[in-house]
There are 2 protein chains.
Amino acid sequence: MEIRQRVKMSDVARTAGVSVATVSKVVNGRWGVSQSTVDRVQQVIEMLGYEASLGAQSLRSHRTHVLGILVAEFEPFSTELLKGASAAADQTDYELLAYAAGTRGSKVGWERRSLARLSGTLIDGAILVTPTVLEAKQGVHVVAIDPHTGPSGMPTIDSDNFAGAQLATNYLLDLGHRRIGFIGGRPDLESARLREVGFRQAMAAAGVTVDETLVRVGGYRTETAEGPARELLSQANRPTAVFAANDLSAIATVTAANSLGLSVPDDLSVIGFDNVPESAMASPPLTTIKQPLQQMGAEALRLLVDLIAGVERDIHVRLPTELVVRASCRPLV
Amino acid sequence: MEIRQRVKMSDVARTAGVSVATVSKVVNGRWGVSQSTVDRVQQVIEMLGYEASLGAQSLRSHRTHVLGILVAEFEPFSTELLKGASAAADQTDYELLAYAAGTRGSKVGWERRSLARLSGTLIDGAILVTPTVLEAKQGVHVVAIDPHTGPSGMPTIDSDNFAGAQLATNYLLDLGHRRIGFIGGRPDLESARLREVGFRQAMAAAGVTVDETLVRVGGYRTETAEGPARELLSQANRPTAVFAANDLSAIATVTAANSLGLSVPDDLSVIGFDNVPESAMASPPLTTIKQPLQQMGAEALRLLVDLIAGVERDIHVRLPTELVVRASCRPLV
DNA sequence: ATGAAAGCGCTAACAC
DNA sequence: GTGTTAGCGCTTTCAT
């Protein structure tokens, strides 16, 4: 079998009997090459299956037509955004590169690391998913989804977390619940703060006092939420309903409840936030607040493309949230 | 506000009063630098927030500790794989880079293009999702998930498509259905072929003749499946049940049915394949055959890591499929 | 122990 | 029209 080394531009040049500069011009459609040469080179490229190395190309040209979406890890939330961004990218001539920093490293500051590693080379712009530290960088265009701080100078996409939290709380209230527990999100994220504020506001508006022993921090992840949920439900005077700040925590709460011999929704009502696909697969199917995640991903990509193109536009996009009723809540008798 | 250009190695070198060569040695933990220099350089790196450019680094060193997962686009199937691969990557010291070629381009041959663009530089190995053309490359380690051809010389991960298709068909048969339609997948994929063979075999085993007017090609995508599904259901003597080769086609079939005034499962039973999260969110929730997608992604990543490490092992992994009963099928009365 | 210099694959001036 | 040349930011001999 023939061993095929990676085909590089110099291979094409040699085979076609021209210089690499000429090949580069052909590849990039530059002006100033005779038609016959163009044809010949193109033929060789085809024949050899040449494809420019993204690494080398970007190192030199600082323009790659690749957009990056930087996440800590690929979990349900970020992959939903990815689907939306991918669909939107198909409408443009950009390709999408998603980079997961991994949770092993410093865990904090991954966004700065990833951005530093990829920007300047490799990508023309980046979408940061739930970044904690964000400094205005120069050179790279960046848009943030659900950032640490609310809409500031940096272009952002988010959804109406406050209204969504009220929706969730009011739903439980309407069902007759009064002892409502709250599993908070990542304290370093604005969304988590807003969801808690929405919860408290809705409780206050209904004249119900929040029992602080029923409030825990879940951290938005399954692993970090299960402990707090267990604690919450192990209490003597446990809640009849729990509003978890995201679906993963809500599912973890259901798991914790089950392990304590409690059945959802019979012994405990649980409502989540996000409407990631997993919420529908959970058992029972989770009642939750929907964030239009795919749409948010798509909006982020479009905003980024506009930014790069220099289009004047609103750099903050906020999308609405809505209640999705499934089977994890029931009226308090 | 201070304008911060991208910090490069030369900046660190200048600030620390050493050469870039020394900085490089420190960064890469090379031998032969005095402790005092190491300390000083590390301090400057910290201070300036230096991070090596992936592009430049990989161009030179051909070792990046980054693994690529190459897909045509980010849709439910590939993102499930991504979740599994991401979780598995967290157990290693590799980071994950997912690259979507986009469906605009040649549509065929994206795997060759992406691989050529990223390999040799940027990534140490790649996972190819549903690749059509796959030649044994040299230099880059590659594992394929659900490839064009069955397990051959190339390392592959797949699930038991044949058994799964039989499961689906037998389920419909057991429900009393006899006029069963089939919406096929992408003819260029081995999985699609096996699902059709499984279907036909199960039908034959039950002594039921396949009505060829009830067989269509759906192409695995929503957009490509809706037309064929509509055609199928518009026929005078339409089927009472449809086995769609994947969930997206199944959901498209339900949509087509609804638009023709047919209700699922009352007027038509539909079963899918894959068990992507979307199948649970569909209405009605879709009965389907589960492929352990996240597990497949994780297996692919582990196989790739083993390959790179030179571990001797089986390079073909096949995982089992199983029936997931939800609400889109009912017995024929 | 440290630095100068070559070169990874490519692009962009600038010559010819 | 086409080739020569100089880097992009980094790693790696090889001198010093």
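In what follows, chains carry the letters A, B, and so on, assigned in the order in which the sequence lines appear, proteins first and then strands, with residues in each chain numbered from 1.
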Nearest-angstrom distance from the residue atom CG of A:Leu54 to P of C:dT11: 11 Å
Separation of A:Glu51 atom CD from C:dG9 atom P, in whole Å? 16 Å
When you measure from the side-chain N and O atoms of A:Ser10 to the phosphate of C:dC10, is any distance below 4.0 Å, counting only OP1 and OP2? no
Could you give the angle between the helix axes at the two ends of the helix from C:dA1-D:dT16 to C:dC16-D:dG1, with five pairs per end, rounded to 10 degrees? 50°
Tell me: CZ of B:Arg14 to C1' of D:dC10, nearest whole Å? 16 Å
Distance (rounded to the nearest 0.5 Å) between A:Glu190 CD and A:Thr130 OG1: 13.5 Å
Distance col, row B:Asp306:CG vs B:Leu301:CG, nearest 0.5 angstrom, shows 9.5 Å
What verdict does the side chain to side chain donor-acceptor pair (under 3.5 Å) test give for A:Asp39 and A:Gln35, after you've listed the backbone C-alpha separation in whole Å, the side-chain angles of each residue and the deciding distance to 0.1 Å? CA-CA 6 Å; A:Asp39 291 345; A:Gln35 189 55 49; 2.9 Å; yes
Spacing between B:Leu59 atom CG and D:dC8 atom P, to the nearest angstrom: 13 Å
Return the value, rounded to whole Å, for the distance between atom OH of A:Tyr50 and atom C1' of C:dT11. 10 Å
The answer to which of A:Gly17 and B:Gln57 contacts DNA chain D further toward the 5' end, by nearest nucleotide, is A:Gly17
Starting at atom CG of A:Leu122, determine the distance to atom P of D:dG9, rounded to an integer number of angstrom. 13 Å
Sequence neighbours excluded, which residues qualify as salt bridge (Lys or Arg N to Asp or Glu O under 4.0 Å) partners of A:Glu299? A:Arg302
Salt-bridged, A:Arg113 to B:Glu95, with N to O below 4.0 Å? yes
Strictly below 4.0 Å: does B:Ser53 bring a side-chain N or O up to OP1 or OP2 of D:dG9? no
When you measure from every atom of DNA chain C, which of residues 20-35 of chain B have a heavy atom less than 4.0 Å away? B:Ala21, B:Thr22, B:Lys25, B:Gly32, B:Val33, B:Ser34
Partner of B:Tyr50 by side chain to side chain contact (heavy atoms under 4.5 Å, CB included), out of B:Val41, B:Asp11, B:Val27, B:Val44: B:Val27
Rounded to whole Å, how long is the line connecting atom CD1 of A:Ile45 with atom P of C:dC10? 10 Å
NZ of B:Lys8 versus P of D:dT11: gap in Å, rounded? 14 Å
Does D:dC10 have OP1 or OP2 sitting under 4.0 Å from an N or O in the side chain of B:Ser58? no
Should B:His316 and B:Thr156 be marked as a side chain to side chain donor-acceptor pair (under 3.5 Å) after you check the CA-CA gap, both sets of side-chain angles, and the distance that decides it? CA-CA 5 Å; B:His316 298 301; B:Thr156 55; 2.7 Å; yes
Does a distance-only test, which skips hydrogens and angles, find a donor-acceptor pair under 3.5 Å between the side chain of A:Arg60 and the base of C:dG9? no
Partner of B:Pro155 under side chain to side chain contact (heavy atoms under 4.5 Å, CB included), picked from B:Val317, B:Ile315, B:Ile127, is B:Ile315
I want to confirm an ordering. Mapping B:Val38 and B:His62 to their closest nucleotides on DNA chain C, which one lands closer to the 5' end? B:Val38
Less than 4.0 Å between a side-chain N and a carboxylate O, is that true for A:Lys8 and A:Glu51? no
